[in-house]
Amino acid sequence: MIIVGLTGSIGMGKTTTATLFADEGVPVNDADQVVHDLYRSDAVEPIRAMFPDVIVDGVVDRKKLSENLAKNPAKFADLEAVVHPLVRAREKAFLDEQRALGKKVVVLDIPLLFETGADRRVDKIVVVSCEPAVQRQRVLSRPGMTPEKFELILSRQTPDAEKRARADYVIDTGHGIDMARSQVKTLLKKLGEQAERAKDA
């Protein structure tokens with residue numbers, strides 16, 4: 001089974017590209033969605049112990065958590081020490097399940113693939129990218145986004161040029177969804193052939 005790590009900076013079209021893989025029948029594990037689920041289940045009590053005021057109606061209020069972390073940046077490491085092992089456990093369960101089902105290719109959608117060292121846990125890295133002007137236009141059209149917020153987010157992410165250099169494949173989303181879908185199909189054909197060769201080896 002080939003494990004694909006899918007990543008891309010804000011506004012590059014990673015979420016849309018993950019959907020294109022899913023549309024082709026490829027199982028996708030979305031790290032952001034996993035965290036979202038954990039904030040309603042397993043992560044609630046450990047986070048309550050650190051930030052009692054961010055639990056509202058039995059779930060983690062992400063806005064309050066962000067505000068808390070902005071005031072106490074040192075607590076980021078404490079939060080990660082709680083959340084990351086839980087995310088890894090969910091990821092392992094996903095991979096075990098897909099392997100048991102005999103899937104040839106799976107996708108791990110991980111926004112901070114390089115930043116968290118998750119690139120070491122995948123077989124192939126796919127980076128979603130587009131021209132900086134297209135990225136900027138997309139991000140600044142989001143509700144509540146400002147140029148300052150955009151720059152702050154970019155400062156915390158591995159630069160796009162570095163991601164592209166470290167990728168096995170790049171999906172360019174700057175020319176519309178049909179072009180992106182075509183690139184995904186071409187890539188899956190290649191990966192399917194590689195999976196077959198590995199099986200026969």
Side-chain angles (χ1 to χ4, degrees), residues 1 3-19 21-22 26-100 103 106-128 139 142-145 149-160 162-163 166-167:
M1 186 172 80
I3 302 169
V4 174
L6 180 71
T7 195
S9 300
I10 183 172
M12 292 300 196
K14 179 186 64 60
T15 302
T16 301
T17 303
T19 303
F21 276 101
V26 178
V28 177
N29 187 68
D30 178 345
D32 270 353
Q33 185 58 50
V34 168
V35 171
H36 196 72
D37 293 345
L38 289 169
Y39 280 179
R40 297 174 165 275
S41 56
D42 300 5
V44 173
E45 292 313 314
I47 290 175
R48 191 197 298 274
M50 285 187 282
F51 309 104
D53 56 331
V54 308
I55 309 299
V56 179
D57 296 331
V59 302
V60 177
D61 184 312
R62 295 180 82 139
K63 186 165 180 289
K64 287 189 181 228
L65 181 61
S66 295
E67 288 165 0
N68 239 293
L69 290 169
K71 291 180 210 153
N72 307 287
K75 292 254 181 142
F76 255 112
D78 297 336
L79 179 67
E80 287 174 349
V82 166
V83 175
H84 284 182
L86 294 171
V87 171
R88 286 287 299 276
R90 292 280 184 102
E91 181 186 291
K92 183 182 182 302
F94 166 81
L95 292 173
D96 289 347
E97 182 186 354
Q98 301 310 322
R99 203 171 272 117
K103 296 292 182 181
V106 297
V107 169
L108 299 181
D109 176 351
I110 306 177
L112 299 176
L113 182 85
F114 295 116
E115 295 84 346
T116 59
D119 55 307
R120 296 190 290 272
R121 306 201 302 272
V122 301
D123 302 314
K124 298 290 178 188
I125 295 169
V126 175
V127 168
V128 181
V139 176
R142 295 181 182 182
M145 185 57 71
K149 266 193 202 172
F150 178 39
E151 293 305 325
L152 179 65
I153 292 165
L154 282 183
S155 73
R156 290 180 177 163
Q157 296 183 339
T158 300
D160 180 55
E162 186 183 329
K163 283 179 180 160
R166 293 169 70 181

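Everything numeric in this text was worked out from a predicted model, so none of it was measured. Reckoned from all heavy atoms, side chains included, excluding hydrogens, waters and symmetry mates.
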As a quick check of understanding, evaluate side-chain contact (heavy atoms from CB on, under 4.5 Å) for Phe94 and Val106, giving each step before the final call. CA-CA 9 Å; Phe94 166 81; Val106 297; 4.1 Å; yes
Apply side-chain contact (heavy atoms from CB on, under 4.5 Å) to the pair Leu79 and Leu65, showing each step before the final yes or no. CA-CA 10 Å; Leu79 179 67; Leu65 181 61; 4.0 Å; yes
Yes or no on side-chain contact (heavy atoms from CB on, under 4.5 Å) for Asp61 and Ile55, after CA distance, side-chain angles and deciding distance? CA-CA 6 Å; Asp61 184 312; Ile55 309 299; over 6 Å; no
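For the residue pair Ala118 and Ile110, the shortest heavy atom distance occurs at CB-CD1, 3.8 Å. Summarising the geometry of Ser41 relative to Arg90, their closest heavy-atom pair is OG-NH2, 3.5 Å, with the distance given to 0.1 Å. Listed here is the closest heavy atom pair of Val83 and Leu38: O-CD1, 4.5 Å. Closest of all the heavy-atom pairs between Val59 and Val44 is CA-CG2, 4.3 Å.
A salt bridge links Asp109 and Lys14; the closest N-O separation between the charged side-chain nitrogens and carboxylate oxygens is under 4.0 Å. Salt bridge annotation for Glu67-Lys71: absent, with no cationic side-chain nitrogen under 4.0 angstrom from a carboxylate oxygen.
Residues forming a salt bridge (Lys or Arg N to Asp or Glu O under 4.0 Å) with Arg88 (at least two apart in sequence, or on another chain): none.
Counting only distance, with no hydrogens or angles, the side chain of Glu115 and the backbone of Thr158 share a donor-acceptor pair below 3.5 Å. Side-chain N or O atoms of Lys64 include none that pairs as donor or acceptor with a backbone N or O of Phe51 at under 3.5 Å. Side chain of Asn72 to backbone of Ala74: no donor-acceptor contact under 3.5 angstrom is found.
Rounding to the nearest 0.5 Å places NZ of Lys149 at 10.0 Å from CD1 of Ile10. In this structure, CG in Leu112 is found 7.0 Å from OG1 in Thr7, a value given to the nearest 0.5 Å. With values rounded to the nearest 0.5 angstrom, Thr15 atom OG1 is found 8.5 Å from Leu6 atom CG. Separating the CG atom in Asn68 from the CZ atom in Phe76 is a distance of 11.0 Å, to the nearest 0.5 Å. Here the CG-CG distance, from Asp30 to Asp37, works out to 9.0 Å after rounding to the nearest 0.5 Å.
In this structure the side chain of Ile3 reaches within 4.5 angstrom of the side chain of Arg99, judged on heavy atoms. At least one side-chain heavy atom of Leu108 sits under 4.5 Å from a side-chain heavy atom of Glu91. The side-chain heavy atoms of Met1 and Leu95, taken from C-beta on, include a pair separated by under 4.5 Å. Proximity of Phe114 to Val127: side-chain heavy atoms (C-beta onward) are separated by under 4.5 Å at one or more points.
The salt bridge (Lys or Arg N to Asp or Glu O under 4.0 Å) test with Asp119 is passed by exactly one of Arg166, Lys163, Lys124: Arg166.
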